[in-house]
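Throughout, a chain's letter reflects where its sequence line sits, starting with A, and its residues are numbered from 1.
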Amino acid sequence: MSSEYTPIDQIVVSLSREINNNETCYTGIAIPSAVVAVQLARMTHAPNLKFFYGGYWINPDLDVDLFTIMTDTEAFRNSISKAQGFSHLIRLYEYWEGPKHTLSFGFIRPAQIDQFGNINNSVIGDPNHPKFRFPGGAAAGDISNACSRVIAYVPRHDARTFVEKVDFITGKGASPEWRKRVGLDNYTGIASIITDLGILDFNSPSGTMRVRSIHEFSTTEEIRENTGFDLEIPPDVPTTEVPTQVELEVLRTKADPLEIRNFDSRNR
Amino acid sequence: MSSEYTPIDQIVVSLSREINNNETCYTGIAIPSAVVAVQLARMTHAPNLKFFYGGYWINPDLDVDLFTIMTDTEAFRNSISKAQGFSHLIRLYEYWEGPKHTLSFGFIRPAQIDQFGNINNSVIGDPNHPKFRFPGGAAAGDISNACSRVIAYVPRHDARTFVEKVDFITGKGASPEWRKRVGLDNYTGIASIITDLGILDFNSPSGTMRVRSIHEFSTTEEIRENTGFDLEIPPDVPTTEVPTQVELEVLRTKADPLEIRNFDSRNR
Amino acid sequence: MVVIGPVDELVRKIITPKKKISFGGAALFLKPMEVVREIIRQEIKGLKIYTLIGDLDIDLLLGVNAIKELHASYVGLPMVGMAKHFRTAIEKEQSVVFKEWTELSMVRAFQAGAIGTPAIMLRTLLGSDLVKIRDDFEEVTYKGKMYIQVPAIVPDLAIVHAYAADKNGNVYYPKHHALDEFSTLPAHCAKELFVTVEKIITNEEGRDLIKNGQSTMFSSIDTDYIAEAPRGAWPSGFPPFYASDMGHIMTYSGMAQMPETFQMYLQEYIFGEKEEN
Amino acid sequence: MVVIGPVDELVRKIITPKKKISFGGAALFLKPMEVVREIIRQEIKGLKIYTLIGDLDIDLLLGVNAIKELHASYVGLPMVGMAKHFRTAIEKEQSVVFKEWTELSMVRAFQAGAIGTPAIMLRTLLGSDLVKIRDDFEEVTYKGKMYIQVPAIVPDLAIVHAYAADKNGNVYYPKHHALDEFSTLPAHCAKELFVTVEKIITNEEGRDLIKNGQSTMFSSIDTDYIAEAPRGAWPSGFPPFYASDMGHIMTYSGMAQMPETFQMYLQEYIFGEKEEN
């Protein structure tokens with residue numbers, strides 16, 4: 001097996017490392033790299049992650065590919081008796097604002113994101129007569145206020161996605177002061193963003209976006225050129241830890257043998 | 001089989017006749033005569049009644065006594081495959097105010113009722129330091145505003161129960177003007193009251209309680225003496241239609257062989 | 001992670017005075033009776049209890065003065081009679097603050113608590129004097145229509161009885177029972193969940209139940225504490241496994257009438273040697 | 001009483017312009033596609049559609065200009081790409097009024113409609129610009145905390161696809177599927193319910209399903225209209241019976257790009273002879 005890896009491999013591996021053992025999460029089904037990252041984490045460093053899939057299974061069988069469950073009826077039937085538990089979609093929606101504060105993290109793939117972490121999956125231009133209509137936020141607008149933190153990913157880091165100010169706020173960003181004021185301080189909003197160039201977060205003195213690490217195959221200049229605002233790049237910014245042999249092997253043979261993650265490079 | 005019948009038999013038979021075929025209803029489980037009346041109606045003139053029992057079964061098997069279902073585990077199991085349908089308790093609670101206006105009627109056994117049909121199942125005296133504490137309304141306060149009409153029954157008609165003005169309104173009465181004003185005119189409130197002396201309703205010119213019919217074993221004077229206010233008794237007030245032979249036979253052999261209805265004469 | 005332990009230890013650990021506690025079940029069905037008995041044995045007082053329809057559970061706890069504030073839509077012994085201590089505590093001793101709800105308003109308050117909305121509007125309370133005496137029930141107007149807005153119920157702890165639990169904390173109850181939602185309603189709105197079960201099973205046995213058509217009543221995400229308590233709902237009923245023990249309820253109702261006989265009841269059925277039910 | 005009939009007759013009878021209609025399913029699963037196709041065949045226009053996550057269903061209807069107002073949290077072809085006609089209708093033709101919800105706010109609005117509460121408060125919408133452009137989303141304060149209050153959704157008609165229906169109108173769907181609540185949510189809030197099913201069964205067969213551990217997805221109290229439509233969700237998926245036909249979705253996505261090829265698609269898959277799927 002080759003130790004070469006693609007940018008999307010780096011994204012999935014980095015996403016997976018944002019996940020801690022013993023946390024609880026779910027993913028939407030239209031963000032393939034996130035689903036694959038969860039599987040990879042469960043197969044490597046986070047075996048006790050509690051993971052809802054499809055709003056129903058809790059910790060589906062690791063031997064069954066998650067996409068196969070949804071598309072192969074026999075696999076669907078078999079998976080039933082191997083999951084660690086079952087819940088209901090309605091119950092999952094209760095967890096979002098219920099008394100238990102259940103969800104540790106969620107994922108967002110923003111169409112636009114700005115220096116404060118506000119995301120836009122709605123429109124460019126006048127909201128009533130938009131120049132460009134994105135598919136819509138689905139849960140993206142909710143989970144920043146429903147999961148303890150949000151992990152974002154952007155398959156192609158460019159200046160159309162990373163803008164100084166989003167045209168429309170579909171989901172509120174990190175904004176710790178605002179969160180305190182409206183009583184949402186238990187929810188940090190977007191905590192990190194994984195792109196094909198590096199990893200970003202909001203741990204700068206001003207709370208705006210900064211570069212946490214740069215992938216080994218990209219450069220400071222590339223990130224700067226492909227970002228539509230002045231983001232903070234510390235002088236000693238480290239290189240992202242590359243995927244290990246084990247991670248790559250698990251990813252390719254078990255977590256995503258069908259290469260579902262590549263849907264994210266094709267469709268944006 | 002004797003054609004003699006008890007006051008509680010008359011109550012159950014009269015309750016059953018208030019039920020029309022093709023209506024939809026449920027009953028609470030702590031009002032035995034109502035449950036028995038529903039069974040009797042289903043076994044005689046209302047075979048198409050849609051009846052929730054226990055918040056779950058729809059039209060449970062007529063061959064199984066309803067109380068037996070709840071107390072005999074084998075009967076419970078057998079009843080499952082014979083009901084006409086299944087719903088959920090949560091769904092039943094949705095019907096109470098949901099978009100379909102599903103429930104045709106419900107039952108109330110009031111501890112106090114006044115000339116306007118207001119009922120009190122809460123307290124006598126100061127609500128914060130009551131002289132007498134009733135068990136509480138349970139759903140009695142809800143169903144007058146959730147079922148198209150309410151059928152009340154009083155196992156012992158006396159002046160402690162029939163009062164000029166209730167000490168406390170647990171559930172609002174007929175009050176058509178009030179209902180129109182608050183937008184509840186689809187719900188008539190209490191439409192009729194069956195007691196051990198007669199049948200009462202609110203079809204008087206003033207909208208206050210009147211006697212619709214008097215049971216063959218009771219008199220105008222008895223009703224007047226045992227009512228704590230001046231209720232309207234039309235000069236030509238008819239005698240309540242007595243239970244038929246068929247009704248009595250079905251009641252005794254099939255609808256209530258365990259004589260559950262007699263709980264209502266013992267406990268008030 | 002779920003904690004699995006004996007009833008007495010878990011009660012000692014998690015049930016403390018002033019806690020807001022909701023009970024599963026209703027009207028002599030599915031009540032967490034073994035926990036009620038253990039609360040009495042440990043003489044825990046000052047509780048704030050939420051139950052849709054209270055019966056023996058509430059009357060026992062009121063009899064030993066364990067409840068400081070009580071929320072319910074009804075407290076009685078269905079088919080048997082009044083709840084003696086409920087009346088005494090309110091009419092004579094004024095030892096409990098009783099907050100009456102209607103059945104639907106309490107259901108909606110449980111549902112609101114579960115989804116995290118702070119209050120909810122409904123219409124069946126219109127015209128009820130409960131609105132006058134409850135300062136937490138508010139008349140509001142929305143788009144020209146009148147509603148009563150009631151606050152969500154968010155207990156610190158919910159206590160329910162169920163059929164079986166596996167080691168992961170998944171809780172099972174057979175399908176086609178009538179009454180499980182009487183227990184999930186007051187459970188989903190609570191911050192923590194304590195489940196007693198007829199038996200603890202292996203994860204494999206749990207999966208077999210799933211294969212045979214059952215679903216989980218609570219998932220491992222929901223449960224915090226689990227204890228085995230065979231016949232733990234007795235004398236309330238637990239269909240389809242055992243019926244409400246109406247004979248016992250009648251015995252209780254009789255013995256509750258006088259303090260002396262109530263003490264005898266407590267000695268015989270709660271403090272005495274645990275007998276086979 | 002439930003009315004059982006052919007899809008085309010029922011569509012002709014009950015789907016009329018200006019009706020507010022909710023669709024079951026989400027994201028290429030459990031969509032009532034046979035009804036969508038019949039709406040296109042009958043050239044019904046001016047609909048007001050509510051769907052949590054729209055995909056091929058919405059894009060087809062927008063392609064023939066059948067929708068006047070659309071409510072959803074997302075419209076796209078998951079894993080495949082953008083929904084072409086959704087973009088065109090909004091960006092170029094401005095032929096549809098699109099009201100974007102967040103997923104949770106729309107779920108809550110469905111739930112509010114089902115229980116009959118006129119509006120509901122939630123917090124996940126805080127900070128979203130959706131609140132600024134939606135005049136029916138309102139910022140409110142309850143006990144010092146900020147919430148967004150959204151109105152209940154109460155459609156005139158809900159349309160869902162399910163597994164089987166008996167003659168009484170009970171609708172079945174196997175347990176342990178992932179997605180049935182994507183269909184019950186938009187159904188319970190509606191004034192009427194139209195269910196297409198893979199097959200109509202006898203009442204006895206329905207009871208056998210119950211005996212084998214199934215429950216009813218809708219009871220006879222819920223359903224108003226039922227039609228048999230084998231593979232009626234195709235090309236959306238209907239687990240565990242058939243998967244989403246991703247090949248067909250990709251074909252659609254390609255043919256939707258140009259008006260000419262979209263017409264070919266309509267001819268081949270909707271107006272043409274019905275072929276075996």
| Can you pull out the residues in residues 139-155 of chain C with any heavy atom less than 4.5 Å from chain D? | C:Tyr142, C:Lys143, C:Tyr147, C:Gln149, C:Pro151
| task | Examine whether an atom of C:Arg123 lies under 4.5 Å from a heavy atom of chain D, and if so say whether it belongs to the side chain, the backbone or both; otherwise answer neither. | result | neither
| said: Heavy-atom count check: over 12 atoms from other residues, nucleotides or ligands less than 6.0 Å from C:Lys19 NZ? | reply: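 Yes - once you tally the heavy atoms of other residues, nucleotides and ligands closer than 6.0 Å, there are more than 12.
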| query | Would you say the side-chain atoms of C:Thr117 pair up with the backbone N or O of D:Leu122, donor to acceptor, closer than 3.5 Å? | reply | no
| remark: Between the CD1 atom in D:Ile115 and the CZ atom in C:Arg108, the distance rounded to the nearest 0.5 Å is 4.0 Å
